[in-house]
Trainee: 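One structure follows; several queries about it will come next.
Naming: A, B, ... by sequence-line order, numbering from 1 per chain. Keep in mind that this is a model prediction, so the values were computed, not measured.
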2 protein chains.
Amino acid sequence: MSDTVLPTFHNLPLAKQKRIIDAALAEFADKGYQQASLNTLVAHSSISKGSLYQYFRDKRGIFLYIFQFAIGLVRKTLLRVKDDTREENFFIRLERSLLAGVDFIRRHPRIYGLYLKILFDEHVPQRVELLQAVRQFAADYLRSLVRQGLARGELREDLPEPAAIFLLDALLDRFLQAVCVPAFDVTLALHQSPPGNLQQCVQELMALLRTGLGKA
Amino acid sequence: MSDTVLPTFHNLPLAKQKRIIDAALAEFADKGYQQASLNTLVAHSSISKGSLYQYFRDKRGIFLYIFQFAIGLVRKTLLRVKDDTREENFFIRLERSLLAGVDFIRRHPRIYGLYLKILFDEHVPQRVELLQAVRQFAADYLRSLVRQGLARGELREDLPEPAAIFLLDALLDRFLQAVCVPAFDVTLALHQSPPGNLQQCVQELMALLRTGLGKA
DNA sequence: GAAAAAAATGACCAGGTAGTCATATGACTA
DNA sequence: TAGTCATATGACTACCTGGTCATTTTTTTC
């Protein structure tokens with residue numbers, strides 16, 4: 001697990017570390033794992049190729065380090081939202097989480113890009129473990145929200161928990177994708193819409209989740 | 001658009017055409033566009049490299065031909081489902097469409113794989129057009145179902161159409177992904193479950209869509 | 001059956017890749 | 001100042017890529 005990054009890297013000045021992390025994130029997010037070029041990476045971070053191999057064992061090592069770094073950032077951000085909205089209604093919390101997700105992506109587009117690049121590429125090292133870590137975290141997050149919502153009587157008592165979590169996960173994930181992948185954005189016009197409009201869309205979706213599609 | 005495949009290809013015996021299409025589909029579905037190797041492709045279809053370039057202009061041409069071929073198959077299949085369930089209730093139609101999707105993927109796993117490989121790779125030729133074709137088709141399909149459901153009074157009259165379609169699209173797409181990408185299958189245990197169990201999951205999700213999560 | 005046209009072939013090319021290694025640098029020690 | 005040692009370097013290797021082309025083989029035409 002930790003034989004990915006060598007001690008030399010941590011001896012580097014923080015600014016240099018950051019330069020390398022930034023360049024790696026950009027390259028992997030743009031090209032995916034296999035297609036990412038270490039030559040491009042070293043050029044963009046102004047270090048030599050030889051140095052790169054004194055910081056990391058190999059390409060795989062660089063990638064894993066970067067991805068774990070990214071996962072850490074996501075966890076921290078989402079847990080903060082969960083805590084900040086502790087007292088709110090279930091659907092409000094959901095709405096806030098979603099908007100926080102949009103905000104995160106706006107601030108760290110390359111981290112989200114990296115995640116998307118991994119999703120369906122079976123040849124990425126440790127892909128199953130990395131993906132499962134992300135999805136499991138999301139599911140746990142939503143489960144916690146659902147249980148608190150149930151405890152407060154904001155949700156139907158007979159709610160099938162796994163199905164509900166699945167539906168929520170699907171909707172949230174797709175919403176984020178639609179925000180930053182125009183081709184997904186066929187129905188709502190999220191992509192270029194102002195923040196206010198975006199919030200209105202979210203609220204409409206939340207209302208739909210609450211009351212369902214069927215005739216009352 | 002049609003300068004992708006050269007006339008020589010269509011003069012080939014159908015069996016040989018099929019061999020090439022199969023090998024190309026397998027290679028692109030497994031590796032994605034850039035990472036797919038034409039050397040592997042020709043080896044697997046038992047033709048020489050030179051021949052490949054007498055059938056197609058270049059790599060891009062092969063890819064586009066294969067993808068359009070795949071799109072055709074999907075359209076045909078889904079339109080048949082829509083027609084077959086013409087008389088059914090909205091939620092039944094949805095359920096049937098979803099199960100038909102699962103069945104299609106089971107029968108043509110490489111076509112679905114190809115679609116997934118395209119989703120987030122900006123470097124795929126014509127990606128935006130290809131993706132939009134697929135998503136637009138799905139959205140149109142769902143819109144048609146929703147409108148007929150509304151006309152028959154099976155859905156709330158005040159249903160916000162775009163939001164509803166978005167939600168349905170998100171759920172259906174994610175369901176298919178969960179069926180064939182184990183890492184997505186964190187909550188429901190779809191991946192290795194028998195068909196009966198799978199159908200029960202779908203029904204549970206349909207019920208959730210109908211009545212919503214909120215307290216009555 | 002000969003000539004012409006069409007199709008098949010694989011060695012070859014330029015350009016890219018991940019990773020290596022002998023050498024150079026420069027900071028710290030004695 | 002001399003010696004030591006962690007770090008920095010980029011030319012280099014072996015390999016793989018998409019694409020080309022002179023040549024051979026097969027098919028068609030007369």
Side-chain angles (χ1 to χ4, degrees), chain A residues 3-21 23-67 117 121 123-126, chain B residues 3-21 23-67 117 121 123-126:
Chain A
D3 60 345
T4 59
V5 57
L6 306 180
T8 316
F9 181 70
H10 294 299
N11 295 341
L12 255 38
L14 285 180
K16 196 169 181 178
Q17 288 186 31
K18 183 172 185 320
R19 238 171 48 217
I20 295 169
I21 292 177
L25 203 46
E27 184 64 11
F28 281 119
D30 180 38
K31 315 259 192 74
Y33 175 72
Q34 281 278 2
Q35 198 63 18
S37 159
L38 298 191
N39 293 331
T40 305
L41 200 168
V42 300
H44 279 60
S45 53
S46 305
I47 61 171
S48 71
K49 195 138 175 207
S51 290
L52 190 62
Y53 281 85
Q54 290 202 315
Y55 306 149
F56 301 95
R57 175 198 282 277
D58 51 17
K59 191 181 189 179
R60 172 196 174 90
I62 305 168
F63 173 76
L64 290 176
Y65 179 77
I66 294 296
F67 200 93
K117 282 294 187 312
D121 185 350
H123 303 286
V124 169
Q126 306 256 33
Chain B
D3 61 347
T4 59
V5 57
L6 306 181
T8 316
F9 180 71
H10 293 300
N11 295 339
L12 255 37
L14 285 181
K16 195 167 184 180
Q17 287 186 32
K18 184 174 183 318
R19 239 170 49 218
I20 296 170
I21 291 177
L25 203 47
E27 184 64 12
F28 281 120
D30 180 39
K31 315 257 190 74
Y33 176 72
Q34 280 278 4
Q35 197 64 18
S37 159
L38 298 190
N39 293 328
T40 305
L41 200 168
V42 299
H44 279 61
S45 53
S46 306
I47 62 171
S48 71
K49 198 148 175 195
S51 289
L52 190 60
Y53 281 84
Q54 289 203 316
Y55 305 150
F56 301 95
R57 176 198 282 276
D58 51 16
K59 191 181 189 181
R60 172 195 174 90
I62 305 168
F63 173 77
L64 290 176
Y65 179 77
I66 294 296
F67 200 93
K117 283 295 187 309
D121 186 349
H123 303 285
V124 169
Q126 307 257 29

Trainee: Quick check on C/dA8: is either OP1 or OP2 less than 4.0 Å from any side-chain nitrogen or oxygen of B/Ser48?
Mentor: no
Trainee: Please test B/Asn39 against B/Lys49 for side chain to side chain contact (heavy atoms under 4.5 Å, CB included), starting from the C-alpha separation and ending with a verdict.
Mentor: CA-CA 7 Å; B/Asn39 293 328; B/Lys49 198 148 175 195; 2.8 Å; yes
Trainee: State whether B/Tyr33 and B/Lys59 meet the cation-pi test: NZ (Lys) or CZ (Arg) under 6.0 Å from the six-membered ring centroid, and within 45° of the perpendicular axis.
Mentor: yes
Trainee: Who pairs with B/Phe56 by ring-ring contact (aromatic ring centres under 6.0 Å, His included), at least two apart in sequence or on another chain?
Mentor: B/Phe9, B/Tyr65
Trainee: Across nucleotides 14-20 of chain D, 5' to 3', mark each nucleotide with B, S or - according to how protein heavy atoms within less than 4.0 Å reach it.
Mentor: ---SBBB
Trainee: Rounding to an integer number of Å, can you tell me how far A/Gln54 CD sits from C/dC21 P?
Mentor: 13 Å
Trainee: To the nearest angstrom, how far is B/Leu52 atom CG from C/dA7 atom P?
Mentor: 15 Å
Trainee: Which base, if any, makes a Watson-Crick or G-U wobble pair with C/dC21, both distances under 3.5 Å?
Mentor: D/dG10
Trainee: Do the side-chain N or O atoms of A/Ser51 get closer than 4.0 angstrom to the phosphate oxygens (OP1, OP2) of D/dT9?
Mentor: yes
Trainee: Taking only side-chain nitrogens and oxygens of A/Asn11, does any of them come within less than 4.0 Å of OP1 or OP2 of D/dT7?
Mentor: yes
Trainee: Looking only at heavy atoms, what is the nearest atom pair of B/Ala24 and B/Ile62, with distance?
Mentor: CB-CG2, 4.2 Å
Trainee: Rounded to whole angstrom units, what separation is found between the CG atom of A/Leu12 and the P atom of D/dA6?
Mentor: 16 Å
Trainee: Could you check whether B/Tyr55 gets within reach of a base, just the sugar-phosphate, or nothing at all, counting any heavy atom under 4.0 Å?
Mentor: sugar-phosphate
Trainee: With a 4.5 Å limit on heavy-atom distance, are the side chains of B/Asp30 and B/Gln35 in contact?
Mentor: no
Trainee: Calculate the interatomic distance between B/Lys16 atom NZ and D/dT27 atom P; express it in whole Å.
Mentor: 10 Å
Trainee: With side chain to side chain contact (heavy atoms under 4.5 Å, CB included) as the criterion, how do B/Tyr53 and B/Val42 come out once you've worked through the C-alpha distance, each side chain's angles and the decisive distance to 0.1 Å?
Mentor: CA-CA 11 Å; B/Tyr53 281 84; B/Val42 299; over 6 Å; no
